[in-house]
Number of protein chains: 2
Amino acid sequence: MSLPHAILTALLEKPSSGLELTRRFDKSIGYFWSATHQQIYRELGKLEADGLIRTLPSEQPARGQKKSYEVLPAGRAELARWTGESQDPKPLRDTLLLRLRAAAVVGTEGIEADLRRHLDLHRRQLAEYREIERRDFPPGKGEPEDRLRHLVLRAGIDLETFWTGWLTHALEEFSELPPA
Amino acid sequence: MSLPHAILTALLEKPSSGLELTRRFDKSIGYFWSATHQQIYRELGKLEADGLIRTLPSEQPARGQKKSYEVLPAGRAELARWTGESQDPKPLRDTLLLRLRAAAVVGTEGIEADLRRHLDLHRRQLAEYREIERRDFPPGKGEPEDRLRHLVLRAGIDLETFWTGWLTHALEEFSELPPA
DNA sequence: CCTTACATGTAAGCTGTTACATGATTTT
DNA sequence: AAAATCATGTAACAGCTTACATGTAAGG
């Protein structure tokens with residue numbers, strides 16, 4: 001149950017409307033926690049009902065009208081509590097690895113092209129992360145909050161580096177495999 | 001929708017009962033696709049209803065009695081189709097990275113201890129994978145199926161290597177951060 | 001006006017999680 | 001005979017996905 005906390009974090013960084021949040025979940029936040037607009041609207045309703053956020057007083061709510069939210073003290077407290085809590089890492093669930101394991105049984109027909117496609121996607125993502133790093137985190141120390149955010153971005157960079165490396169290796173293996 | 005295909009793969013590798021599958025999902029298969037026994041029993045029912053698997057003829061089904069399944073030709077065909085299909089990689093969803101991002105806003109209270117705990121867990125997992133590699137994949141070429149399975153295990157090893165490296169780096173950063 | 005983009009929301013279905021229920025087998 | 005373990009299953013709920021519905025605002 002992390003979506004409400006992802007939204008609280010986003011709103012603390014900057015009060016936003018549902019659609020603005022959706023946009024931000026397609027970028028920075030979405031790099032490690034994705035969500036659709038339906039998830040976000042539903043969760044905003046719950047958070048408001050629970051008294052963790054409220055609509056900005058300046059704007060009057062109406063259907064089809066923009067409605068921005070900000071975090072209340074109770075919301076900040078809940079986020080701090082959740083952040084400091086001990087949590088177990090979730091077991092991995094990766095379709096591509098599963099498909100490779102299946103391919104060992106039913107044959108590799110068609111999967112090599114998709115490995116190439118994934119490699120390309122991960123290379124693009126890696127390039128994007130590196131560009132963000134160059135732009136937002138110039139060499140030098142910076143504020144503690146920036147160092148934490150840089151650390152998170154570093155995880156993204158290292159993960160994409162892993163995938164591109166592993167996929168490259170996988171494709172080499174395929175080129176040595178007997179043809180189907 | 002990958003659980004049925006994970007089960008088909010497991011059953012092709014070896015016909016099994018629900019509980020045996022559950023055990024195997026706690027080990028090898030579960031390293032990249034986890035599932036609880038309730039998910040497995042429900043899915044076995046669906047797969048049987050869809051004519052993709054059947055109970056072994058030798059055993060008569062009864063509540064509380066062991067009931068083993070094997071894959072039918074239609075099941076193998078469906079697995080081959082799914083394996084060769086083009087699929088997009090799922091966006092990352094990682095709670096630890098989210099918590100770090102939240103910590104940049106609400107403070108790092110309590111999170112450092114959990115980073116240490118995660119580092120320890122990932123080190124153990126890495127050691128386990130390396131032991132499996134040593135035991136099951138001795139140097140030398142081997143059969144194509146084995147090379148594919150080795151490739152999958154390699155992904156696990158490289159992923160755990162990434163996490164241990166990144167967590168070590170993260171803890172170094174924390175030691176340089178001003179105390180809360 | 002008409003279309004497009006913006007903005008919020010409803011509904012249904014599927015997947016995953018947690019707690020519990022029931023019968024069979026083995027051990028003490 | 002009781003207790004523990006094996007094995008399968010039911011029920012309820014929470015979370016995510018997909019498709020659709022509704023209204024507003026801006027540009028041509």
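In what follows, chains carry the letters A, B, and so on, assigned in the order in which the sequence lines appear, proteins first and then strands, with residues in each chain numbered from 1.
One can place NZ of A:Lys90 at 16 Å from P of C:dT15, the figure rounded to the nearest angstrom. As rounded to whole Å, 14 Å separates atom P of D:dA21 from atom NE2 of A:His37. Rounded to an integer number of Å, the gap from CD of B:Gln38 to C1' of D:dA11 is 11 Å. For the pair B:Arg42 CZ and C:dT17 P, the interatomic distance rounds to 10 Å; values are reported in whole Å. Summarising the geometry, the separation between CG on B:Leu44 and P on D:dT8 is reported as 9 Å, rounded to the nearest angstrom. Atom CE of A:Met1 is separated from atom P of D:dC13 by 17 Å (rounded to the nearest Å). The CD atom of A:Glu43 sits 13 Å away from the P atom of D:dT17 (whole-angstrom rounding). Rounded to an integer number of Å, the gap from A:Lys46 NZ to D:dC13 P is 14 Å.
Looking at A:Arg149, its side chain never comes within 3.5 Å of a backbone N or O of B:Leu100 through a donor-acceptor pair. For the pair A:Arg24 (side chain) and A:Lys14 (backbone), a donor-acceptor distance under 3.5 Å is present.
Of the side-chain N and O atoms in A:Tyr41, one or more sit less than 4.0 angstrom from OP1 or OP2 of C:dT8. Side-chain N/O atoms of A:Gln39 include one lying less than 4.0 angstrom from OP1 or OP2 on D:dT17. For A:Arg93 and C:dG16, the shortest distance from a side-chain N or O to OP1 or OP2 is below 4.0 Å. Residue B:Lys66 places none of its side-chain N or O atoms closer than 4.0 Å to OP1 or OP2 of C:dT25.
Nearest to the side chain of A:Lys67, among C:dG9, D:dG15, C:dG16, sits C:dG9.
For residues 6-25 of chain A, proximity to DNA chain D is found at no residue, defined as any non-hydrogen atom under 4.0 angstrom from a strand atom.
Using a 3.5 Å distance cut-off with no hydrogens or angles, the side chains of B:Tyr31 and B:Glu128 do pair a donor with an acceptor. Under 3.5 Å, the side chains of A:Glu173 and B:His150 contain no donor-acceptor pair of N or O atoms.
A salt bridge between A:Arg81 and A:Glu85 is present, with a side-chain N of the basic residue lying under 4.0 Å from a carboxylate O of the acidic one.
A:Leu121 and A:Trp163 fall into different hydrophobic clusters, where Ile, Leu, Val, Met, Phe, Trp and Tyr residues are linked whenever their side-chain heavy atoms come under 4.5 Å apart, directly or through other members.
By the 30° and 60° cut-offs, the orientation of the rings of B:His118 relative to B:His122 is tilted.
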